[in-house]
Chemist: 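First, the structure itself, so that you have it in front of you.
The basis for the numbers below is simple: all heavy atoms, side chains too, and nothing from hydrogens, waters or symmetry mates.
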Amino acid sequence: MSTADESTSPATADAGRTVRPQAGASPVDGEEEGPETGRDAIIRAARRAFTLKPYSEVTMRGIAAAAGVSPSLIVKRFGTKEALFNTVVDFRPAATELFTAPLPDLGRHLVLTMIDLRDRLHGDPLLRVVFSLGIEDERTLLRARFREQVTDRLAGLLTGPDARLRAELVAGQLLGLGATLSLHRPDGATAQTTAERLADLYAPGIQHLVDGG
């Protein structure tokens, strides 16, 4: 599986296995680099492509065109479309940033970090789990990764009764925040409000779920 338009479904891979990008995490000298690295541009274009189209309709050439790089650069960085897909559906980097706060401060931290991640990634780090248009096997894989890497991870951090239930509700609150920010940009009230003010209004409800009270 090494051609630029590799179309084998990732559902053939073990749902618990994440394929790591192959060598070349740093920019390649002289190859279509700009303010963001070629790798960043590829990830952003791939995330959008896999969210808006079924897996079978996504091509490496299409991602390359959207990222402003050559298909050969994607092959060099990731190897195959399946490997690129597995990188895109890895929620662990976002979860690591989201959950690195003491439980008493986690609600506010989650809101502020979500907003910061959206700005840095030029898109929501979690919302693709809801809006992915892939076939059933791919949606199942995406949701399984989300449960394992986000919901289950949070449940393991919470104390008190109903930890899994509360974790699922917190995840729902974060997805709702992402949907709201997406729906009302660029001229909605949420787009014109500071992150701190959004946290003032939204974080207490999440913190109540974190606390379990």
Side-chain angles (χ1 to χ4, degrees), residues 10-11 13-21 25 39-40 43-44 46-47 50-51 83-132 134 137-183 190 193-213:
D14 180 355
R17 174 175 61 85
T18 299
V19 179
R20 290 292 185 186
R39 187 178 189 279
D40 290 340
I43 292 293
R44 185 154 67 96
R47 183 181 292 118
F50 286 123
T51 298
L84 180 55
F85 177 85
N86 277 306
T87 300
V88 166
V89 302
D90 187 356
F91 295 99
R92 286 175 297 183
T96 295
E97 294 196 47
L98 286 167
F99 300 145
T100 53
L103 290 180
D105 305 319
L106 188 58
R108 187 174 191 87
H109 173 80
L110 287 171
V111 174
L112 293 175
T113 303
M114 277 287 292
I115 295 169
D116 179 60
L117 284 171
R118 286 175 58 88
D119 289 342
R120 283 191 280 128
L121 299 175
H122 304 283
D124 193 278
L126 305 179
L127 205 56
R128 61 189 182 277
V129 74
V130 177
F131 294 111
S132 175
D137 284 347
E138 288 135 21
R139 289 197 300 269
T140 298
L141 174 59
L142 192 65
R143 291 168 185 171
R145 294 278 174 83
F146 185 89
R147 286 193 299 270
E148 173 191 350
Q149 297 170 1
V150 178
T151 309
D152 291 351
R153 182 169 176 177
L154 177 57
L157 298 173
L158 299 180
T159 59
D162 301 317
R164 176 59 190 245
L165 173 61
R166 287 154 49 210
E168 290 181 1
L169 293 172
V170 169
Q173 292 286 329
L174 294 176
L175 291 171
L177 175 61
T180 298
L181 294 174
S182 295
L183 285 170
T190 52
T193 304
T194 66
E196 293 291 337
R197 180 56 178 157
L198 288 174
D200 289 342
L201 295 171
Y202 205 81
I206 296 180
Q207 189 64 47
H208 181 75
L209 293 170
V210 171
D211 295 338

Chemist: For the OG1 atom of Thr151 and the CZ atom of Phe146, what is their distance to the nearest 0.5 Å?
Modeler: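 Rounded to the nearest 0.5 Å, the OG1-CZ separation comes out at 4.5 Å.
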
Chemist: If you measure from CG on Leu142 to CZ on Arg147, what distance do you get to the nearest 0.5 Å?
Modeler: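 The CG atom of Leu142 sits 10.0 Å away from the CZ atom of Arg147.
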
Chemist: So Leu198 and Leu177, do their side chains get closer than 4.5 Å, heavy atoms only?
Modeler: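 No; the side chains remain at least 4.5 Å from each other.
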
Chemist: Search all heavy atoms of Leu121 against all heavy atoms of Arg47 and return the closest pair with its distance.
Modeler: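 Distance-wise, the nearest heavy atoms are O-NH1, 4.1 Å.
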
Chemist: Distance check, rounded to the nearest 0.5 Å: Tyr202 atom OH versus Ile115 atom CD1?
Modeler: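 Nearest 0.5 Å value for the OH-CD1 distance: 10.5 Å.
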
Chemist: Please tell me if the side chains of Asp152 and Arg164 come closer than 4.5 Å, counting only heavy atoms from C-beta onward.
Modeler: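 SC-SC contact between Asp152 and Arg164 confirmed.
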
Chemist: Got a second to check how far Leu201's CG is from Thr190's OG1, nearest 0.5 Å?
Modeler: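 Atom-to-atom, Leu201:CG and Thr190:OG1 are 11.5 Å apart.
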
Chemist: Looking only at heavy atoms, which two atoms of Leu157 and Leu103 are closest? And how far apart?
Modeler: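 Of all heavy-atom pairs spanning Leu157 and Leu103, the closest is O-CD1, 3.4 Å.
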
Chemist: In a check of side chain to side chain contact (heavy atoms under 4.5 Å, CB included) between Arg92 and each of Gln149, Arg145, Glu148, which one passes?
Modeler: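 Option passing the side chain to side chain contact (heavy atoms under 4.5 Å, CB included) with Arg92: Gln149.
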
Chemist: Checking Arg143 against Val129 for the side-chain contact (heavy atoms from CB on, under 4.5 Å) test, could you report, in this order, the C-alpha distance in whole Å, the side-chain angles of both residues, the deciding distance, and whether it holds?
Modeler: CA-CA 6 Å; Arg143 291 168 185 171; Val129 74; 4.0 Å; yes

Chemist: How long is the span from the OG1 atom in Thr100 to the CG atom in Leu106, to the nearest 0.5 Å?
Modeler: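 Thr100 OG1 to Leu106 CG: 9.0 Å, rounded to 0.5 Å.
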
Chemist: Is any side-chain heavy atom of Leu141 closer than 4.5 Å to one of Phe85?
Modeler: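 Heavy-atom side-chain distance check passes, below 4.5 Å.
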
Chemist: Begin from the C-alpha positions of Arg108 and Asp200 and carry the test side-chain contact (heavy atoms from CB on, under 4.5 Å) through to its verdict.
Modeler: CA-CA 8 Å; Arg108 187 174 191 87; Asp200 289 342; 2.9 Å; yes

Chemist: Where do Leu112 and Glu196 come nearest, in terms of heavy atoms and distance?
Modeler: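 The answer is CD1-OE2, 3.9 Å.
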
Chemist: How far apart are the closest heavy atoms of His109 and Glu97, and which atoms are they?
Modeler: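 In this case the closest contact between His109 and Glu97 is NE2-O, 2.8 Å.
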
Chemist: Check whether any side-chain heavy atom of Leu154 sits under 4.5 Å from a side-chain heavy atom of Val150, and report yes or no.
Modeler: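 Leu154 vs Val150: side chains apart.
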
Chemist: Using every non-hydrogen atom in the two residues, find where Leu158 and Ala167 come nearest and quote the distance to one decimal.
Modeler: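 Looking at all heavy atoms of both residues, the closest pair is CD1-N, 3.8 Å.
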
Chemist: I need the minimum non-hydrogen distance between Asp105 and Gln207, along with the two atoms involved.
Modeler: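 It is C-OE1, 3.8 Å.
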
Chemist: Say you draw a straight line from OG1 of Thr180 to CD of Gln173; how long is it, rounded to the nearest 0.5 Å?
Modeler: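 Separation between the atoms: 9.5 Å.
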
Chemist: Does a side-chain heavy-atom distance below 4.5 Å link Met114 with Leu110?
Modeler: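 Side-chain contact under 4.5 Å: no.
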
Chemist: The test is salt bridge (charged side-chain N to carboxylate O under 4.0 Å, His left out); show your working for Asp124 and Arg118 and say whether it passes.
Modeler: CA-CA 5 Å; Asp124 193 278; Arg118 286 175 58 88; 3.0 Å; yes

Chemist: Is the side chain of Arg166 donor-acceptor paired with the backbone N or O of Val210 at a distance under 3.5 Å, no angle test?
Modeler: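 Such a contact is found between Arg166 side chain and Val210 backbone.
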
